[in-house]
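Okay, handing you the structure first.
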2 protein chains.
Amino acid sequence: MAQNKFLHIYEILKARIANDYYSDTMLLPTEMTLVEEFNVSRNTVRRAIQKLNEEGLVYSVKGRGVVILESTKKDNMYVPLSNFQGFNTLHTNKKSESKSIVKSFREIIIDEDLAERTSFDAGETAYFIERIRIVDGVRVMYDTSYFRANIVENLTEEIAHGSIYSYIRETIGIQIASAKTFLKVETAIAKDMEYLDLDGNNCVGAAENIVYTDMGKLFEYTEIRFIPNKFVITNFAQNINE
Amino acid sequence: MAQNKFLHIYEILKARIANDYYSDTMLLPTEMTLVEEFNVSRNTVRRAIQKLNEEGLVYSVKGRGVVILESTKKDNMYVPLSNFQGFNTLHTNKKSESKSIVKSFREIIIDEDLAERTSFDAGETAYFIERIRIVDGVRVMYDTSYFRANIVENLTEEIAHGSIYSYIRETIGIQIASAKTFLKVETAIAKDMEYLDLDGNNCVGAAENIVYTDMGKLFEYTEIRFIPNKFVITNFAQNINE
DNA sequence: GAGTGGTCTAGACCACGGT
DNA sequence: CCGTGGTCTAGACCACTCC
């Protein structure tokens with residue numbers, strides 16, 4: 001039972017779309033109809049529908065109604081991979097064994113060059129961590145992280161072996177707000193060859209990740225580099241007509 | 001002058017954040033303060049703030065306020081590339097010359113295999129189009145498109161040389177609703193070698209694009225394959241704590 | 001306890017689509 | 001023209017943060 005009314009309605013509508021309950025018309029019932037069915041205000045119905053729009057399940061057209069988008073065969077094709085936000089592994093039915101090893105862990109001083117890349121201040125202290133992630137025996141990705149030492153205090157290699165985010169949330173008590181990601185395909189460098197099972201490929205996927213605390217402070221800069229043919233990143237764009 | 005009040009307020013707040021007008025506190029004024037300043041209802045202020053949240057400029061915390069996120073050096077680093085939604089070229093100051101050539105154009109019947117990939121129906125007719133995009137003399141990407149013939153009627157090679165989307169919008173009168181994108185890094189296949197200036201790289205970026213009309217009909221499936229080191233895809237995730 | 005953002009209500013008018 | 005979704009208002013109560 002969802003606490004929020006609008007989330008509850010959103011879930012019901014989503015299930016009905018998935019079950020083809022509304023498929024005859026290709027339109028959702030009108031907002032006023034849903035207001036009467038659920039006995040809520042129009043605003044609440046609109047918030048539920050807005051969420052469906054954000055997920056790309058429907059498309060609202062002024063004057064006509066809320067159009068249900070045709071389903072595709074790809075809708076349930078991908079499986080989320082552990083912590084990595086936005087990353088999904090290619091579909092597999094079998095369960096995967098995954099573990100990670102800490103390759104480097106040390107404190108560093110941010111120099112001019114790193115200040116440019118991480119948006120930290122030159123001269124401040126940061127933790128530098130390299131970790132390799134291994135799935136089913138294959139080294140599929142590694143990430144190079146910089147954590148601001150004045151925010152993530154007393155980080156140790158032990159903690160890096162487990163979940164740094166759990167430590168940040170539970171021990172330090174910082175809430176994580178949001179992250180920005182930039183994605184590229186790049187020619188592999190020596191370190192990629194060394195850390196990854198590239199299997200003949202000479203390129204990697206590269207994702208830059210910038211993460212904020214809920215105080216608005218940038219506290220982590222991470223570059224993830226991953227092997228080809230293993231990950232899918234999904235995205236959804238609306239209102240292509242400018 | 002923006003027509004909508006909430007968009008107008010959003011733009012003002014965005015400008016103030018960019019100008020460090022609010023930087024002292026790291027918090028936006030409270031909703032009630034903004035209600036008084038702009039003489040609008042609280043809902044309108046909230047919609048403006050919601051948009052700032054969606055763009056990753058601020059982060060709202062219940063009980064505390066609207067936190068302004070630190071700016072990063074990457075915020076204005078990338079330049080959008082023509083039509084390709086979500087794609088951005090790496091920053092360059094010089095203007096680029098770009099053109100595209102149509103490599104293939106024909107009508108085909110969707111077979112079982114294509115039905116699986118495109119989510120079209122097996123047996124229906126579609127236009128098959130391959131186009132290569134050349135920027136500053138370098139073949140940087142090519143896309144393989146399938147358009148449903150019963151929606152995009154009378155498509156010709158001439159039209160494909162120009163803008164198919166202009167034809168769809170202006171001549172056919174169909175509005176485009178939204179698109180889903182799936183992104184991967186893949187080992188290059190023979191056709192990639194043939195169509196792209198891979199310059200020694202043996203991988204490509206691959207983006208699948210599924211596009212809908214505003215009637216909810218899937219009408220285009222396109223696979224874009226692009227060379228490494230040239231494009232950036234930006235993404236923004238919120239509420240990482242599940 | 002005071003103040004914040006999150007949710008929700010019950011109205012109103014407008015712009016657009018389809019007829 | 002009618003009905004649709006889009007915008008906006010003016011209230012209310014709640015959950016949370018911070019002192």
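Throughout, a chain's letter reflects where its sequence line sits, starting with A, and its residues are numbered from 1.
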Task: B:Glu37 and B:Arg16 ion-paired at < 4.0 Å - done: yes

Open item on the list: Under 4.0 Å between a side-chain nitrogen and a carboxylate oxygen: does that hold for A:Glu208 and A:Arg117?
Closed with: no

TODO: Calculate the interatomic distance between A:Asp214 atom CG and C:dT4 atom P; express it in whole Å.
DONE: 18 Å

Open item on the list: I need the CG-C1' distance between B:Leu7 and C:dA15, as an integer number of Å.
Closed with: 15 Å

TODO: Report the residue (A:Thr44 or B:Val66) whose heavy-atom-nearest nucleotide on DNA chain C is the more 5′ of the two.
DONE: B:Val66

Open item on the list: As a test of reading the structure: which of D:dT9, C:dT7, D:dT7 is closest to the side chain of A:Phe6, going by heavy atoms?
Closed with: C:dT7

- [ ] Measure from the side-chain heavy atoms of A:Arg47 and tell me the nearest of C:dG5, C:dC8, D:dT9.
- [x] C:dC8

Task: Gap between atoms CE and P, on A:Met26 and D:dT4 respectively (whole Å) - done: 19 Å

Task: Separation of atom CZ in A:Arg46 from atom P in C:dT7, rounded to whole Å - done: 16 Å

Open item on the list: Using heavy-atom distances to pick each residue's nearest nucleotide on DNA chain C, tell me which of B:Arg64 and A:Asn43 is more 5'.
Closed with: B:Arg64

Task: Spacing between A:Asn4 atom CG and D:dA15 atom P, to the nearest angstrom - done: 11 Å

TODO: Measure the distance from CD on B:Gln50 to C1' on D:dC8 and round it to the nearest whole Å.
DONE: 15 Å

Open item on the list: If the threshold is 4.0 Å, N to carboxylate O, is there a salt bridge linking A:Asp143 and A:Arg133?
Closed with: no

Task: Separation of D:dT4 P from A:Glu36 CD (nearest whole Å) - done: 10 Å

Open item on the list: Tell me whether the side-chain N/O atoms of A:Thr30 come closer than 4.0 Å to OP1 or OP2 in D:dG3.
Closed with: no

Task: N/O (side chain, A:Lys62) to phosphate O (OP1/OP2, C:dC14) under 4.0 Å - done: no

Task: Parallel, tilted or perpendicular: rings of A:Tyr146 and A:Phe128 (30°, 60°) - done: tilted

Task: Any donor-acceptor N or O pair under 3.5 Å, side chains A:Glu158, A:Thr156 - done: no

Task: Closest-nucleotide 5' rank along DNA chain D - winner of B:Arg42 and A:Glu31 - done: A:Glu31

Open item on the list: In this structure, how many angstroms lie between the P atom of D:dG6 and the NZ atom of B:Lys5, rounded?
Closed with: 19 Å

